[in-house]
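Being a predicted model, the structure only gives us computed values, none of them experimental. Ligands are counted one by one from 1 in listed order, and the atoms in each one are counted from 1 as well.
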Amino acid sequence: MSLIVMKFGGSSVGTTERMQRVARRIADYHEAGHQVAVVVSAMGDTTDDLIDQSKQLNPNPPAREMDMLLTTGEQISVALLSMAIHQIGHKAMSLTGWQAGFRTDAVHGKARITDIAPERIFKAFEQGYTVIVAGFQGMTDDGEITTLGRGGSDTTAVALAAAINADVCEIYTDVDGVYSTDPRVVKCARKLNEISYDEMLELANLGAAVLHPRAVEYAKHNNVRLVVRSSFTQNEGTSVKEEAVMEQGVAVRGIAYDKDVARISILGVEDVPGVLATVFGALAAGEVNVDIIVQSGVLNGKADFSFTVSLSDKDKAISVVEGIRGEVSFDEVTSEEDLVKVSIVGAGMVSNPGVAAKMFEVISGLGISIKLVSTSEIRVSCVIAADRIHDVVRALHTAYGLDVEEQAFIGGPKDRR
Ligand code: ASP
Ligand code: MG
């Protein structure tokens, strides 16, 4: 007997029929003798719909009330799923996040889990119940309801798996697992059998939406065995763990790209000590998240800086920089949109110096110029013009030996095509 946490995303429980399919899947595990705790997201687009509705009444709703509203989405899912399980002759008990013992800090809209007291879950297990826990929610010590941020149900599942010491946490979604790149763009993308926490974390942070970055972080920290798999097939999925096997001679595990980038350049900055600290201190104080930072060489005592921010922060970043003209002397601020950050990720890179060079070769071979570069031990990212990103991803995928024959089935019947 294993203790298993199964998490189902919104599309997996998006309709009555899908809900029934999920109930069957849970019952199968139960019949096989496993103890099961389930975490579910709100059905389909429920969360988005609730947000739209709230904005019609108040474009800036109080964060507390927003949490009150959004947590209802998951409550609908758990109750309905529990009913579907009862209908096929099994005992299930739905629990809100707070009933399941999830305590969080008081940051509405992006709360962090501070503690989980799973006594009630264990009691339900003893009584022969499968528990169905509402994802993405918890309660503060003062009894206020909170949510964990968009996509937070993954984190609920991983945290629950850690708290009850589950053997595995299975994340069911509308794709077969984690792919080497977006299978909608590259037909011969490969499904990965394994990936390390660190690689997954890089990919998740780069926008591979299959897993929420915070959930991966939590899994790494607590050594939770994670499996990403499809709720529409019986295929094995991708195992996310500490050390993942790398195929002989392959240095890159995956390729990701993110269109949410804007470049800001500050030109002709007077090169005196402390300039960088002033500029980036002001940006941090303005809550602008800066990603890549590059400083060009100094000419006649003046330097140019470029950095990237997400599109939604572009205007704010410019006004923050304009606002410190009194403290820092510079000529002008420029900005650029329609960019993309394309990244290669792989643990094998550390010991393979040619990997980055190959990336630059492939991109320039397509006649595309690289505007900014950043690297970590297991990642190289290039910022380029967005228009030919699909060509670039395909070429990189081939160059790093990742292509496989076109796969027959990559996702749920309605979700991906
Ligand atoms: N329902 C929430 C959302 O759509 C949480 C989740 O799905 O993980 O963001
Ligand atoms: Mg969702």
Side-chain angles (χ1 to χ4, degrees), residues 5-15 18-19 22 37-55 61 63-82 94-100 102 104-105 107-113 116 132-139 145-162 169-175 178 200-201 203-205 207-219 224 226-232 240 260 312 411-412 414-416:
V5 171
M6 303 170 88
K7 183 259 171 179
F8 294 91
S11 64
S12 300
V13 291
T15 63
R18 288 181 182 193
M19 203 56 107
V22 165
V38 179
V39 172
V40 252
S41 292
M43 294 173 71
D45 296 329
T46 304
T47 309
D48 289 329
D49 294 344
L50 289 171
I51 292 172
D52 287 348
Q53 245 181 317
S54 72
K55 301 272 165 178
R64 177 192 184 275
E65 304 308 327
M66 202 63 181
D67 278 353
M68 212 59 177
L69 177 69
L70 295 189
T71 46
T72 62
E74 269 69 13
Q75 285 190 57
I76 293 171
S77 294
V78 288
L80 289 176
L81 182 56
S82 178
S94 61
L95 296 172
T96 61
W98 41 99
Q99 285 177 317
F102 280 78
T104 72
D105 64 20
V107 185
H108 285 291
K110 47 177 177 207
R112 280 186 177 263
I113 298 167
I116 303 169
I132 318 288
V133 178
F136 161 72
Q137 55 178 246
M139 190 177 267
I145 289 172
T146 52
T147 61
L148 308 181
R150 295 306 305 270
S153 295
D154 286 349
T155 309
T156 302
V158 175
L160 182 61
C169 178
E170 296 189 326
I171 307 280
Y172 287 84
T173 179
D174 57 2
V175 283
V178 181
M200 190 65 236
L201 196 55
L203 289 176
N205 277 323
V210 67
L211 270 181
H212 194 274
R214 204 187 275 180
V216 183
E217 234 167 58
Y218 211 107
V224 173
L226 267 182
V227 174
V228 180
R229 56 190 303 190
S230 165
S231 61
F232 301 96
V240 189
D260 184 19
S312 59
K414 296 202 192 79
D415 286 284
R416 296 274 155 176

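Note: no N/O pair closer than 3.5 Å links Asp154 and ligand 1 by distance alone. Looking at Ser41 next to ligand 1, an N or O pair under 3.5 Å apart turns up. Taking distance alone, with nitrogen or oxygen atoms compared against 3.5 Å, Gly149 stays at or beyond that limit from ligand 1.
A donor-acceptor pair under 3.5 Å links the side-chain atoms of Thr146 to the main chain of Gly138, judged by distance alone.
Between Gly152 and ligand 1 there is a heavy-atom distance shorter than 4.0 Å.
Contact annotation: for Glu74 versus ligand 1, heavy atoms closer than 4.0 Å belong to the side chain alone.
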Please step through side-chain hydrogen bond (donor to acceptor under 3.5 Å, both in side chains) for the pair Ser12 and Ser231, ending with a clear verdict.
CA-CA 6 Å; Ser12 300; Ser231 61; 2.8 Å; yes

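By the salt bridge (Lys or Arg N to Asp or Glu O under 4.0 Å) test, Arg64 is found to be paired with Glu144, residues two or more places apart in sequence or in another chain being considered.
Side-chain atoms of Val224 and Tyr218, non-hydrogen and from C-beta on, never get closer than 4.5 Å to each other. Contact annotation: the side chain of Arg18 never approaches that of Met43 to less than 4.5 Å [non-hydrogen atoms, C-beta and beyond].
The Gly151 neighbourhood of ligand 1 comprises atoms 3 (C), 5 (C), 6 (C), 8 (O), 9 (O), with distances under 4.0 Å to a heavy atom of that residue. Interface atoms of ligand 1 facing Arg150, defined by a heavy-atom separation under 4.0 Å, are 3 (C), 4 (O), 9 (O).
Partner of Phe136 under the side-chain contact (heavy atoms from CB on, under 4.5 Å) criterion, chosen from Thr71, Thr155, Leu70: Leu70.
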